[in-house]
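Here's the structure we're looking at; comments come further down.
Just so it is clear, the values below take in all heavy atoms, side chains as well, and ignore hydrogens, waters and symmetry mates. So you know, we letter chains A, B, ... as the sequences are listed, proteins then strands, and number each from 1.
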There are 2 protein chains.
Amino acid sequence: MEITEILNQIYALPAASCRKLQEKITEASFPKGKILLRARRVEKTVYFIRKGIVRAYAHQNDHEITFWFGQEGEAVISMNSYIQNKAGYEDIELLENCDLYCLRSEDLHRLYAEDIHIANWGRKFAERELLRTEARLISRQFSTASERYQELLRDHPDLLQRVQLGHIASYLGITQVSLSRIRSALPSSPHQEITG
Amino acid sequence: MEITEILNQIYALPAASCRKLQEKITEASFPKGKILLRARRVEKTVYFIRKGIVRAYAHQNDHEITFWFGQEGEAVISMNSYIQNKAGYEDIELLENCDLYCLRSEDLHRLYAEDIHIANWGRKFAERELLRTEARLISRQFSTASERYQELLRDHPDLLQRVQLGHIASYLGITQVSLSRIRSALPSSPHQEITG
DNA sequence: TTCATTTTTTATCATTTGTAAAAAAAAATC
DNA sequence: GATTTTTTTTTACAAATGATAAAAAATGAA
């Protein structure tokens with residue numbers, strides 16, 4: 001996915017402002033398994049995914065909890081670092097080889113202060129993430145684990161193909177065993193053979 | 001809580017920009033029980049709470065689920081209306097008599113387009129809500145119901161005094177019965193008499 | 001106060017989810 | 001293709017939560 005498309009689907013920028021932003025953006029590729037952002041650090045870079053898929057996770061007691069997946073077109077940031085310039089709580093791991101766009105947070109914030117279109121782009125960027133996060137919180141509050149799994153299957157079928165179920169279970173807030181039970185209870189569970 | 005304090009704690013505005021914003025803000029008072037914002041409507045107004053407490057809830061099957069409380073200094077908005085000019089999913093009810101500041105969403109968006117400081121104020125406003133929402137999502141993912149109750153007790157003890165437990169239970173994502181059990185299991189449950 | 005209403009707690013039983021361990025299946029490596 | 005490793009499913013039992021109903025407590029109104 002091209003960077004202009006990624007930027008403009010957040011908020012349509014005038015050409016001049018878009019150019020100013022693009023001037024600050026570089027590209028990089030990293031292999032599957034790389035930890036792109038680390039917890040307890042102030043991360044200085046904002047990434048956009050050109051190709052690939054990543055997960056954000058944090059540690060609870062001795063195990064990892066995955067709380068976000070990012071795919072093509074999405075921004076990869078440490079919320080605390082980007083918003084408050086503070087250390088974050090998330091590790092972000094590449095689940096596939098990834099092509100990324102890189103933007104220094106410092107450059108972005110300078111543009112926010114200089115260019116009203118980019119400031120409004122930044123507002124829309126935060127608002128979009130806010131809507132998504134609130135949707136997930138509400139889904140969490142309103143739906144059972146089984147319903148949440150089915151929503152994920154409906155809204156992001158690709159995710160189920162690209163990410164192992166242990167991560168999906170963690171993301172849904174249940175154990176892998178529980179997810180496995182939920183899957184086997186569904187009428188058309190994907191791993192079921194149709195005998196005939 | 002005064003409006004200048006509310007506005008400037010989101011993002012410190014230059015005096016001129018702050019004045020421009022304040023010019024568009026009016027005050028209003030409503031009684032306990034009033035439904036301030038309604039689901040399935042495009043709400044045109046953003047409120048800030050000068051005094052009082054409110055809850056946002058939505059309907060799931062036949063019962064209400066409370067998913068947000070707002071207190072002094074906080075903004076009361078329909079996310080969908082404010083961000084996308086679309087109908088919202090939440091009803092917002094006043095839990096006490098409230099004094100509110102009112103700002104037409106249309107006026108605010110016009111100022112976003114005109115004034116870079118206000119645009120950045122709007123960015124910070126969304127970013128603050130985003131951090132809070134993500135914190136709640138993660139709390140949800142990482143903590144048991146009992147732990148979430150204790151976090152609430154620690155971080156917002158006032159809320160427990162001002163809001164009935166049925167709403168709190170709903171907010172925590174459990175039934176009132178379950179919350180009651182959790183409370184009675186805690187060592188220093190607030191309703192326990194000390195006999196001596 | 002007294003009565004009526006609302007809110008909270010308690011009790012019982014069913015369901016869901018978690019934990020731990022093992023089996024099965026799939027993927028990766030040689 | 002065979003072996004090793006990882007991932008997923010299954011099983012058995014424990015713990016947490018939900019649903020329902022009833023009792024107790026708190027609140028509000030006359």
(message) With a 6.0 Å cut-off on the ring centroids, do B:Phe125 and B:Tyr112 count as close?
(response) no
(request) Nearest 0.5 Å please: distance from the CD atom of B:Glu151 over to the CZ atom of B:Arg136. (result) 11.5 Å
(request) Locate the shortest heavy-atom distance separating A:Asp91 from A:Ala39; write the atom from each residue and the value. (result) OD1-N, 3.0 Å
(message) Treating primed atoms plus P, OP1 and OP2 as sugar-phosphate and everything else as base, which nucleotides of nucleotides 16-23 of chain C get B, S or - for protein heavy atoms under 4.0 Å?
(response) -BBBB---
(message) Does D:dT8 have OP1 or OP2 under 4.0 Å away from a side-chain N or O of A:Arg183?
(response) no
(request) Answer yes if the side chains of A:Ser146 and A:Gln150 hold a donor-acceptor pair under 3.5 Å, and no otherwise. (result) yes
(request) Output the distance between atom CD1 (A:Ile118) and atom CG (B:Asn120), rounded to the nearest 0.5 Å. (result) 10.5 Å
(message) From OH of B:Tyr149 over to C1' of C:dT9, roughly how many Å is that when rounded to an integer?
(response) 13 Å
(request) Please state how far atom NZ in B:Lys32 lies from atom P in D:dT27, giving the value in whole angstrom units. (result) 11 Å
(message) Between P on D:dT27 and CG on B:Leu95, what's the gap in Å once rounded to a whole number?
(response) 16 Å
(request) Return the value, rounded to whole Å, for the distance between atom CG of A:Leu186 and atom C1' of D:dT8. (result) 16 Å
(request) Identify the residue among B:Phe67, B:Tyr149, B:Phe69 that makes a ring pair (Phe, Tyr, Trp, His ring centres under 6.0 Å) with B:Tyr171. (result) B:Phe69
(message) If the test is salt bridge (Lys or Arg N to Asp or Glu O under 4.0 Å), which one of A:Glu96, A:Glu74, A:Glu72, A:Glu27 qualifies with A:Arg50?
(response) A:Glu27
(request) Working to the nearest 0.5 Å, report the span between CZ of B:Arg128 and OG1 of B:Thr133. (result) 11.0 Å
(request) Give, ordered by number, those residues of residues 157-172 of chain A having at least one heavy-atom distance below 4.0 Å to an atom of DNA chain C; if nothing qualifies, reply none. (result) none
